[in-house]
Amino acid sequence: MEPRGEGVELKVLKAKGLLSWALGFFGGGAGITLGYAAIQAVKARPDFLQQLLSGGALWFASLVIGMVIFRRQLEVFNAMQLRHVIAQEKLAQNVGELVTRDDQRAREQDLLLNHLARNSDEILRQLAELRNAHGGE
């Protein structure tokens, strides 16, 4: 049974991912539209390209695109790190269960060996008594 917080947290993460995807879709569409409009403007007025390149708009656009790419890569990196942490926690839990199981098995084996040793000692004692009883006649 899953804790209450995990279900709500999972729904929030799914909604956030869907919103991020939708914003990326519309942002990408807007970028394509702006790019197409810029190409059409340059075709209509070739001197616009020189103004665009010398005005610093290209550098600003490059900076914005670089920030978007960096943010996306950071999100991917963080998601990968989260998966690694979850995997390490599960591994630690499984190793702990194995150690507990091995400790329990070792205790059961000790109890069984002690029981067998006591039985062997009792058998040897009884054999010695029988030998003494028959040897003493």
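Small disclaimer: the values here were computed from a predicted structure and weren't measured. One-based numbering along the sequence shown. Just the heavy atoms: all of them, side chains too, but no hydrogens, waters or symmetry mates, feed the values below.
When side chains are defined from C-beta on, Ile123 counts as touching Leu127, because their heavy atoms get closer than 4.5 Å. Residues Met67 and Arg71 fail the side-chain proximity criterion, which asks for heavy atoms closer than 4.5 Å.
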When you look at Leu82 and Asn78, which way does the side chain to side chain contact (heavy atoms under 4.5 Å, CB included) test go after all the steps? CA-CA 6 Å; Leu82 180 62; Asn78 286 338; over 6 Å; no
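Other residues, nucleotides and ligands place more than 12 heavy atoms under 6.0 Å from the CE atom of Met80.
With sequence neighbours left out, Gln104 forms a side-chain contact (heavy atoms from CB on, under 4.5 Å) with Arg107, Glu108.
Between the CD1 atom of Ile86 and the CD atom of Gln81 there is a distance of 11.5 Å, given to the nearest 0.5 Å. Distance CZ/Arg105 to CG/Leu112: 13.5 Å, rounded to 0.5 Å. Separation of atoms CG (Asp103) and CG (Leu98) is listed at 11.0 Å; rounding is to 0.5 Å.
There is no path of hydrophobic side-chain contacts, each under 4.5 Å, that joins Phe77 to Ile69.
Among Leu113, Leu111, Asn119, the one residue that satisfies the side-chain contact (heavy atoms from CB on, under 4.5 Å) test with His115 is Asn119.
With respect to Arg118 and Glu122, no salt bridge is recorded, no charged nitrogen being found less than 4.0 Å from a carboxylate O.
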